[in-house]
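The structure appears below as structure tokens.
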Amino acid sequence: MSRKPKALIKQLKRGKRGWSMTLPEDVGTCLGKRIDVSVRSALPPRGGEPPLTEREVELLDTILTNLQKLAARAQKAWEEYGGYGALDDEDRIRRPRIWIDRERQAGKSAGVWTMVIEIAGSDYGWHVEFVRTRFKEIWGGD
């Protein structure tokens with residue numbers, strides 16, 4: 001990766017539902033698409049989204065440092081789970097998304113994150129879960 005993870009993390013934009021950005025293509029792709037990043041709470045907190053925690057920044061740094069390997073592992077898990085063969089002819093894959101659920105970062109689930117691969121125009125997606133850099137499981141659903 002030609003860009004430093006910490007510099008990329010500083011480019012995350014704060015929104016109503018968390019922090020997000022689309023990574024540059026040279027940082028890494030999954031299924032041939034650029035990757036979105038989303039760090040968010042299930043429910044938007046009063047007063048707006050708080051700053052990223054040290055734990056969240058450290059997890060993002062780990063993910064971005066290892067993104068090419070992690071994206072390849074997510075793609076492999078998705079293909080083993082059915083991949084393109086599970087899609088109908090008219091289905092298109094939306095841009096894959098790294099999703100860090102802020103509530104899960106507190107306590108026993110610290111380090112858990114998901115690469116979400118969704119069908120465009122649908123709520124259906126495959127959730128490829130990791131604990132830091134270790135693949136955990138994949139599941140599909142709404």
Side-chain angles (χ1 to χ4, degrees), residues 1-46 48-53 55-142:
M1 173 174 34
S2 61
R3 301 174 196 235
K4 302 271 187 227
K6 298 273 192 217
L8 286 168
I9 294 167
K10 288 179 181 177
Q11 294 178 30
L12 284 163
K13 302 276 189 254
R14 185 189 307 210
K16 293 178 187 174
R17 296 290 314 256
W19 295 84
S20 62
M21 73 178 298
T22 299
L23 294 171
E25 191 171 348
D26 67 319
V27 173
T29 61
C30 184
L31 298 168
K33 297 179 179 288
R34 291 172 62 190
I35 300 170
D36 286 338
V37 176
S38 178
V39 181
R40 58 188 286 182
S41 302
L43 297 172
R46 286 186 181 177
E49 197 68 33
L52 294 171
T53 66
R55 182 179 275 179
E56 291 164 343
V57 169
E58 193 271 324
L59 178 58
L60 281 165
D61 184 59
T62 298
I63 294 167
L64 295 175
T65 298
N66 297 283
L67 185 58
Q68 292 182 4
K69 177 182 82 164
L70 294 168
R73 181 62 182 103
Q75 183 169 328
K76 180 178 183 240
W78 182 75
E79 289 168 349
E80 290 171 348
Y81 198 78
Y84 287 107
L87 300 175
D88 291 332
D89 290 340
E90 68 277 358
D91 288 339
R92 287 186 2 260
I93 296 294
R94 198 180 306 169
R95 183 177 289 145
R97 176 171 45 104
I98 294 168
W99 176 39
I100 298 174
D101 181 340
R102 299 191 91 173
E103 281 81 14
R104 291 189 76 188
Q105 295 311 305
K108 293 181 187 178
S109 293
V112 172
W113 64 278
T114 306
M115 178 76 76
V116 183
I117 301 168
E118 298 169 305
I119 296 175
S122 169
D123 289 335
Y124 191 86
W126 293 267
H127 299 250
V128 185
E129 294 189 357
F130 291 86
V131 177
R132 303 188 60 71
T133 59
R134 185 176 49 85
F135 170 73
K136 184 177 172 189
E137 67 179 327
I138 181 173
W139 57 274
D142 294 340

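Model, not experiment: these values are computed from the prediction.
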So, taking the atom named [atom1] in [X] and the one named [atom2] in [Y], what distance separates them when rounded to the nearest 0.5 Å?
X    : Y    : atom1 : atom2 : value
E58  : T53  : CD    : OG1   : 10.0 Å
H127 : T114 : NE2   : OG1   : 7.5 Å
K4   : L64  : NZ    : CG    : 13.0 Å
L52  : K10  : CG    : NZ    : 12.0 Å
L87  : I119 : CG    : CD1   : 5.5 Å
M21  : L12  : CE    : CG    : 5.5 Å

State, with a plain yes or no, whether a side-chain heavy atom of [X] is found less than 4.5 Å away from one of [Y].
X    : Y    : answer
L23  : L67  : yes
R34  : E25  : yes
Q105 : L59  : yes
W113 : R104 : no
V37  : I9   : no

Inter- and intrachain pairs under salt bridge (Lys or Arg N to Asp or Glu O under 4.0 Å), touching residues 67-88, at least two apart
K76-E80

Residues two or more places apart in sequence or in another chain: which of them pass side-chain hydrogen bond (donor to acceptor under 3.5 Å, both in side chains) with S109?
none

Just to verify, which of R102, R17, K16 counts as forming a side chain to side chain donor-acceptor pair (under 3.5 Å) with E49?
R102

According to salt bridge (charged side-chain N to carboxylate O under 4.0 Å, His left out), who are the partners of D101, at least two apart in sequence or on a separate chain?
none

Between [X] and [Y], what is the shortest heavy-atom contact and its length?
X    : Y    : result
P96  : C30  : CG-O, 3.5 Å
D26  : Q68  : O-NE2, 4.2 Å
R55  : A110 : NH1-CB, 3.6 Å
L31  : Q75  : N-OE1, 2.9 Å
V57  : K6   : CG1-NZ, 4.2 Å
V128 : A77  : CG1-CB, 4.1 Å

Go through it in stages, so that I can follow the logic: the residues are I93 and K33, the test is side chain to side chain contact (heavy atoms under 4.5 Å, CB included), and I'd like the CA-CA distance, side-chain angles, deciding distance and then a yes or no.
CA-CA 9 Å; I93 296 294; K33 297 179 179 288; 4.1 Å; yes

A quick test of your reading: do over 12 heavy atoms of other residues, nucleotides or ligands sit less than 6.0 Å from CD of E137?
yes

Is it true that, when you exclude D142 itself, more than 12 heavy atoms of the residues, nucleotides or ligands shown sit nearer than 6.0 Å to its CG?
yes

Answer yes if the side chains of S122 and E118 hold a donor-acceptor pair under 3.5 Å, and no otherwise.
no

State whether a side-chain donor-acceptor pair under 3.5 Å links T62 with R132.
yes

Please determine which of I63, I35, I138 meets the side-chain contact (heavy atoms from CB on, under 4.5 Å) test together with M115.
I35

Hey, what's the ring geometry for F130 with F135, parallel, tilted or perpendicular (30° and 60° as the breaks)?
perpendicular

Taking the inter-plane angle between the rings of W78 and W126 on a 0 to 90° scale, is it parallel (under 30°), tilted (30 to 60°) or perpendicular (over 60°)?
perpendicular

